[in-house]
Amino acid sequence: MHSDTTGSWTPVALSADLPAGTVIPARISAGSIALWRSESGRLSASADRCPHRGMSLSHGFVRGEALSCIYHGWSYAQGGNCIRIPAHPGLTPPETIRARTFAVEEAGGVIWVAADETETKPPVLEGLTPLRSMTTDAGISAIETAAGTKASAEGLIEPAGGTLCLLVSARNDGQTLIHVLLKGETSPADRIAASREAESLRRAAEDLQKKGIAS
Ligand code: FES
C-alpha cells in the first residue's frame with residue numbers, strides 16, 4: 001500500500017480550498033499539520049501543535065503574515081518561529097520557541113507537503129484540472145479494484161474512457177484522501193458527471209473494503 005504517493009511528498013489539499021488568510025488541518029505521514037496561507041498568499045505547513053500548551057494550530061487564525069494560536073494568541077511566522085506573545089508585548093520571543101515546519105509546494109492547483117527534508121520536487125500533473133477533494137474509508141487497493149486500474153507512481157488512478165482522474169494518498173488514520181481531477185477542457189456538465197462518477201467509485205471501493213475483497 002502507498003503510504004506517500006511520491007516519496008516524501010503528499011498531496012494534502014487543493015489550492016482552491018485554502019484562500020489567502022486562512023488555515024486548515026491536513027495530514028502527512030509525520031502527523032497532523034496546520035496548512036495556512038498568509039494574507040499576501042505565502043503558503044506554510046507546520047506541525048498542528050502549539051509549542052506553548054499544545055493547542056491545535058489549525059484551530060487558530062491568520063493575521064497578516066503570521067499564524068496565531070486560538071488559545072493564548074502566540075503568533076508564528078512562516079518559518080515556525082514565535083514572533084509575538086500577547087501576555088508579554090515587550091518581549092522578543094526566544095528563537096527556541098518554534099513550531100516544526102515542513103516544505104510545501106503548490107503546482108497545478110494542488111498543494112503538496114514533504115514529510116521529510118528532501119531535495120526533490122513534487123510531480124507536475126500536466127493537463128489536469130482539480131475539481132474537489134474527498135476522503136474514503138477504503139484503501140488504495142480497493143479504489144484501484146473499483147476503478148479497474150492501478151495507481152501510477154504519482155498516485156494517479158485513471159478509470160478508462162472518461163475525463164476523471166483520481167489523485168490518491170493513504171493517510172495514517174486508515175482513510176484515503178482523494179483529489180478529483182479532470183483531464184483536458186471540460187464543460188459544467190462534464191464536471192457534474194465526473195463528480196458523480198467519483199462518488200460512485202468511492203461507494204464501490206468502500207463496499208469492496210467492507211467485504212474484504214480488497215485491502
Ligand atoms: S496553547 Fe497556543 S498560545 Fe497557548
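Only this structure's heavy atoms are used, side chains among them; waters, hydrogens and symmetry mates stay out. Counting convention: from 1, in listed order, for ligands and their atoms alike. No experiment lies behind these values; they were computed from the predicted model shown.
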Trainee: What is the name of the N/O/S atom in His52 that sits closest to atom 4 (Fe) of ligand 1?
Mentor: ND1
Trainee: Quick test of your reading of the model: are Arg37 and Glu106 salt-bridged, counting only N-O distances below 4.0 Å?
Mentor: yes
Trainee: I want to check something: taking the side chain as every heavy atom from C-beta on, are Thr136 and Ile143 in contact at a cut-off of under 4.5 Å?
Mentor: yes
Trainee: Within the distance-only criterion (no hydrogens, no angle test), does the side chain of Ser15 pair as donor or acceptor with the backbone N or O of Gly109 below 3.5 angstrom?
Mentor: yes
Trainee: Identify, by atom number and element, the atoms of ligand 1 in contact range of Cys69, meaning under 4.0 Å from any of its heavy atoms.
Mentor: 1 (S), 2 (Fe), 3 (S)
Trainee: Just verifying a value: how many Å separate Asn172 CG and Arg27 CZ, rounded to the nearest 0.5 Å?
Mentor: 6.0 Å
Trainee: Does Tyr71 approach ligand 1 within less than 4.0 angstrom via side chain, backbone, both or neither, non-hydrogen atoms only?
Mentor: side chain
Trainee: For His72, what is the atom name of its N, O or S atom nearest to atom 4 (Fe) of ligand 1?
Mentor: ND1
Trainee: Among all the protein's non-hydrogen atoms, which is closest to atom 1 (S) of ligand 1, and how far away is it?
Mentor: Arg53 N, 3.3 Å
Trainee: For ligand 1, which atoms sit closer than 4.0 Å to a heavy atom of Trp74?
Mentor: 3 (S)
Trainee: Please name all residues satisfying ring-ring contact (aromatic ring centres under 6.0 Å, His included) with His72, sequence neighbours left out, ordered by chain then number.
Mentor: His52
